[in-house]
Amino acid sequence: MKKELAKAYDPKGLEDRIYKNWEEKKYFHAEVDETKKPFTVVIPPPNVTGILHMGHAFDETVQDILVRWKRMQGYNTLWQPGTDHASISTEVRITNELKEEGIDKQALGREKFLERAWAWKEKYGGTIVSQLKKLGSSCDWERERFTMDEGCNRAVTEVFVRLHEKGYIYKGSRIINWCPVCNTSLSDAEVEYEEQQGHLWHIKYPLIEEDGSVSTTRFVEFATTRPETMLGDTAVAVHPEDDRYRDIIGREVLLPIVNRRIPVVADTYVDREFGTGVVKITPAHDPNDFEVGKRHHLPEINIMNDDATINENGGKYAGMERYACRKAIVEELDAMGLLVKIEDYSHNVGTHDRCHTTVEPLIKKQWFVKMDELIKPAIRAVKEGEIRLVPKSAEKRYFNWTDNIRDWCISRQLWWGHRIPAWTCADCGEITVARTAPAVCPKCGGKQLAQDEDVLDTWFSSALWPFETLGWPDDTPDLKYFFPTDVLVTGWDIIFFWVIRMIFSSYEQMGTYPFHTVIFHGLVRDAQGRKMSKSLGNGIDPLEIIGQYGADALRLTLVTGNDMGSDMRFYKERVENSRNFANKIWNASRFIMMNLHEDEDYYNTAMPEGLEPADKWILSRFNSTVREVTENMERYELGIAVQKVYDFIWDEFCDWYIEMVKPRLYGENMETSRRAAMWCLTTVLAGSMKLLHPYMPFITEEIFCTMQSAEESIMISSWPVYRTEWDFAAEERQIEAIKEAVRGIRGIRTNMNVAPSKKVPIVIVSEDKETLDIFTTGRLFFESLAGASSSRCQSDLSGVDENAVSVPLAGATLYIPLAELVDTAAETERLTKELKRLDGELARSEKMLTNEKFLAGAKPEKVEEEREKKKKYEQMHAQVEEQLRRLSGMKQ
RNA sequence: GGGAGCAUAGCUCAGCUGGGAGAGCGUCCGCCUCACACGCGGGAGGUCACGGGUUCGAGCCCCGUUGCGCCCACCA
């Protein structure tokens, strides 16, 4: 039965059909199998309510490439999928949805809210998963997990309790970042600094005289960007060695409006150079001031409610919104004559990375994870190379963070998430941390126990992802076999949120690191290099691209033309090129299959007799490609690897080999030759499809399965390996020489404006027997590829038209009798230019070869190579000179 | 303020350990050559940011300058 591909490449339908088949055949599913080595990757779980964006598409593509490649290499691969509950962002979206319905979250209550959230998760949670499938992701969907499912819940509780037992988790009062809109605390990593235009208000407080009266003449002046916080001032500070203020240290100033007397303290935190060298100290509303306050035992006066309105400590400003209060206070100070001036000032303001609300530093009781001990193994892992970061430059960022680690604030004042397993006794106030709700207070026996209202930071559960998804805290066979995982692929943006936390969590709980390699990739940007964002509306929907060009084209685009570590610009023209490539291989395959006779199937058959030089050349080139692609993939240089396949298929296989072989497919009485060519065509095509499969899984599957019947899927076929018996160096040189001659003839034809349909006779002259032999074997190619009507190879100029145009080749000269068409002046110019180029090359070669240091220092093969080059240049130089002589002869 | 990085063809970018400057897109010329016009063939276009240095030899190594974004910290 003759096999055929559809007439035109159309990814629509084809991709869905193939994916469905893969799923049905359970190729993605992995089971423990002690006879095979595992290769495990865990997906960075996308937000459960998210929709697929280019960042995901890139991330998943890279993972899928690695997983598919390893699977073909014979590993028992598991790509563990799942989604993240994404505490804050999910809660914000549900709250907004409620708001639109006129429902207040607080009025609804926790229980109803969570019901709603779960319903939401059920409704939208599948979207991202189905979108990942469109990309071709070979995840083991049977193992899909969710960071808030029952197993993850147990894991989270277990880890919390264990860390608490070891004293790593504590509840403490600290200045934390507070989002007044989301109404929750934030970790440092969730705060994003934005440059904002603001003002610097210069204010003065009157000094208290020795006799206790308020001075009307002496003031301390300072500047602030947040005047409203003065309500909570409990000191002003100066530098201890600042001569300007030495005399007032220890005295008091009057805090206006509030009329509180507050001390002048000396602290080295103050920068003498900045402003007046005086700082107001508000311990409850600034992290630095908090530290100063601790050192000087200053009271901490909290003046703000959780929604950033002023509380009762603000006196008459109580109830006012923070910015309204700022305005009012400035006006009042101005009226009192205490406002010195207002300057424009641009400074960085901390904002919540989810909602971009300006965060308010507040003192709060929160749960923290003590980091100083936990982080040590995470530092060691990278330092000692047990975990390799790709690219290596990621290490700097990594250590920058680990070296300046601060305790991790893990409590969030939200409802959607893992509730903190801590209970407070209503009678004695004792806090009990336990795996299950205690019946009575272990301290006083009280029966009134209330669970902590807060939930944990989303990243607390994702930090356990590599082992909780494999069954931990149970000691499952999966965990034993698939853990530790191998490679983690993720963007730069979550190196601190997630990667480091997985590393120390895994080491602490499992005693081993969660993976041996982390691959960081850049951001996908728009054509102008801007971040894709909803507000700019410049995002490109991967699904739209898939619909238009196919997932294969999208995947190829994402990994080509950029190294992975850096950001990339994404635009449709690049996808079009990928689609064109898909179309190219589709048509090349179609051509090959068209030429297969009934029941002909060369797949995995022994090399037949009668391979010609071109056949050996393409096999040899394919062989090199296999080696180069594999080497680059081992280095995770996916872009370089696939570029090699691309170049090989398009340039060498399609544009040269297929064209070279065509006459042998149609010719009479050359069955042996035809079969040899067909064997090479199918062998190289099948091999190339394998090399390409991790990158373009769908089209390669379709071609592979249509062409041969021995194997049911390319997914589970074996990765090509380099074979020494396919290494044909001599044939490679031979075909390269012929290609050069073909290009030479074509060039002359174009230059001379010879009609493409016009055939011309050619003669190749060389005194070297070996060279002549090479070109003799190329005679047919000159006819089929360069429009030669006939070709002769000979050792002298006998019978060569005096006025023929000539082309210099390596060790030979090619003559075309086109004298009547020659534009002598133009040809002279061309040859003179060529002569000049050769002069330059010769000079360089000469210089190197007479250089003793080069001869002594360089590798022997380099020197030999240079000698060969010089020889070639000398020959060509002589030929061009000869041509010029002939040309000048023609003129006369 | 600290750190790491980037500056290569009109545009977007490759170029691994130093030894003849590349791709895609665009552009120009010629082709509907029986797999493919989503194609084929042939061109044009670069003092590899600037200035020094090391080297027989530097886009690649070292120092400095300029320009551009990034990460971290954050000064009231």
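Per chain, numbering begins at 1; letters A, B, ... match sequence-line order.
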Next item on the list: To the nearest Å, give me how far apart CD1 (A/Ile500) and C1' (B/C72) are.
Entry: 12 Å

Check: With a non-hydrogen cut-off below 4.0 angstrom, is A/Arg746 in contact with a base, only sugar-phosphate, or nothing?
Finding: sugar-phosphate

Check: Could you give the CD-to-P distance, from A/Glu228 to B/A76, as a whole number of Å?
Finding: 13 Å

Notebook entry, point to check: Taking atom P of B/C72 as reference, at what distance in whole Å does atom CH2 of A/Trp492 sit?
Noted result: 12 Å

Check: With a non-hydrogen cut-off below 4.0 angstrom, is A/Tyr666 in contact with a base, only sugar-phosphate, or nothing?
Finding: sugar-phosphate

Notebook entry, point to check: Closest nucleotide of RNA chain B for A/Trp401 versus for A/Tyr646: which of these residues is on the 5' side?
Noted result: A/Tyr646

Note to self: Could you tell me how far apart A/Lys759 (NZ) and B/C31 (P) are, to the nearest whole angstrom?
What the structure shows: 15 Å

Item checked: Worked verdict on A/Thr351 versus A/Thr358 for side-chain hydrogen bond (donor to acceptor under 3.5 Å, both in side chains) -> CA-CA 4 Å; A/Thr351 63; A/Thr358 300; over 6 Å; no

Note to self: Categorize A/Lys662 for me: base, sugar-phosphate, or nothing, with a 4.0 angstrom heavy-atom threshold over every strand shown.
What the structure shows: base

Next item on the list: Please determine if a side-chain N or O atom of A/Lys531 lies less than 4.0 Å away from the OP1 or OP2 oxygen of B/C70.
Entry: no

Next item on the list: Please check if atom CD in A/Glu852 has more than 12 non-hydrogen atoms from other residues, nucleotides or ligands closer than 6.0 Å.
Entry: no

Next item on the list: For B/C36, take OP1 and OP2 only and decide whether either is under 4.0 Å from a side-chain N or O of A/Ser589.
Entry: no

Check: So what does A/Trp650 touch, heavy atoms closer than 4.0 Å: a base, only the sugar-phosphate, or nothing?
Finding: sugar-phosphate

Check: Base, sugar-phosphate, or nothing for A/Phe399, non-hydrogen atoms under 4.0 angstrom?
Finding: nothing

Notebook entry, point to check: Taking the side chain of A/Tyr571 as heavy atoms from C-beta outward, which of B/C36, B/C31, B/U12 is closest to it?
Noted result: B/U12

Check: Per the atom types in the model, does the base of B/C71 pair as donor or acceptor with the side chain of A/Arg397 at under 3.5 Å?
Finding: no

Check: Centre of A/Phe591's six-membered ring, under 6.0 Å away, within 45 degrees of the axis: is that where NZ or CZ of A/Lys662 sits?
Finding: yes

Check: When you check the phosphate oxygens OP1 and OP2 of B/A76, does a side-chain N or O of A/Tyr269 lie under 4.0 Å from one of them?
Finding: no

Check: When we call it a touch if two heavy atoms are under 4.0 Å apart, what does A/Ser566 touch: a base, just sugar-phosphate, or nothing?
Finding: sugar-phosphate

Checklist line | ring-ring contact (aromatic ring centres under 6.0 Å, His included) between A/Phe496 and A/Tyr398, intermediate numbers included | finding: CA-CA 8 Å; A/Phe496 309 129; A/Tyr398 185 92; 8.3 Å; no

Item checked: Residue closer to the 5' end of RNA chain B, A/Met568 versus A/Val270 (nearest nucleotide) -> A/Met568

Note to self: Mind checking if A/Met848 touches a base, just sugar-phosphate, or nothing, with heavy atoms under 4.0 Å?
What the structure shows: base

Check: Across the strands shown, which category fits A/Glu659 at heavy-atom distances under 4.0 angstrom: base, sugar-phosphate, nothing?
Finding: base

Checklist line | Heavy-atom donor-acceptor pair, A/Asn400 side-chain to B/C72 base, under 3.5 Å | finding: no

Margin query: What is the distance, to the nearest angstrom, from the CZ atom on A/Arg525 to the C1' atom on B/C11?
Written below: 18 Å

Next item on the list: Please report, rounded to the nearest Å, how far the P atom of B/C38 is from the CG atom of A/Asp552.
Entry: 20 Å

Notebook entry, point to check: When we call it a touch if two heavy atoms are under 4.0 Å apart, what does A/Asn404 touch: a base, just sugar-phosphate, or nothing?
Noted result: nothing

Next item on the list: Indicate whether OP1 or OP2 belonging to B/A76 is found under 4.0 Å from a side-chain N or O atom of A/His347.
Entry: yes

Notebook entry, point to check: Looking for any heavy atom pair under 4.0 Å, which part of the strands does A/Lys396 touch: base, sugar-phosphate only, or nothing?
Noted result: sugar-phosphate

Checklist line | Identified ring pair (Phe, Tyr, Trp, His ring centres under 6.0 Å) partner of A/Trp492 from the options A/Phe520, A/Trp498, A/Trp401 | finding: A/Phe520

Check: Within the distance-only criterion (no hydrogens, no angle test), does the side chain of A/Arg574 pair as donor or acceptor with the backbone N or O of A/Thr557 below 3.5 angstrom?
Finding: yes

Notebook entry, point to check: How would you label the contact of A/Asn577 with the nucleic acid (heavy atoms, under 4.0 Å): base, sugar-phosphate, or nothing?
Noted result: sugar-phosphate

Margin query: At 4.0 Å (heavy atoms only), tell me whether A/Phe854 reaches a base, stays on the sugar-phosphate, or touches nothing.
Written below: base

Checklist line | Phosphate OP1/OP2 of B/U12 contacted by A/Arg569 side-chain N/O (<4.0 Å) | finding: yes

Check: Considering the options A/Lys870, A/Glu866, A/Arg867, A/Glu874, which one meets the side-chain hydrogen bond (donor to acceptor under 3.5 Å, both in side chains) requirement together with A/Ser845?
Finding: A/Glu866

Margin query: Under 4.0 Å, heavy atoms only, any strand: does A/Arg743 hit a base, just the sugar-phosphate, or nothing?
Written below: sugar-phosphate

Next item on the list: May I ask which nucleotide in the shown strands pairs with B/C6, Watson-Crick or G-U wobble, both distances under 3.5 Å?
Entry: B/G67

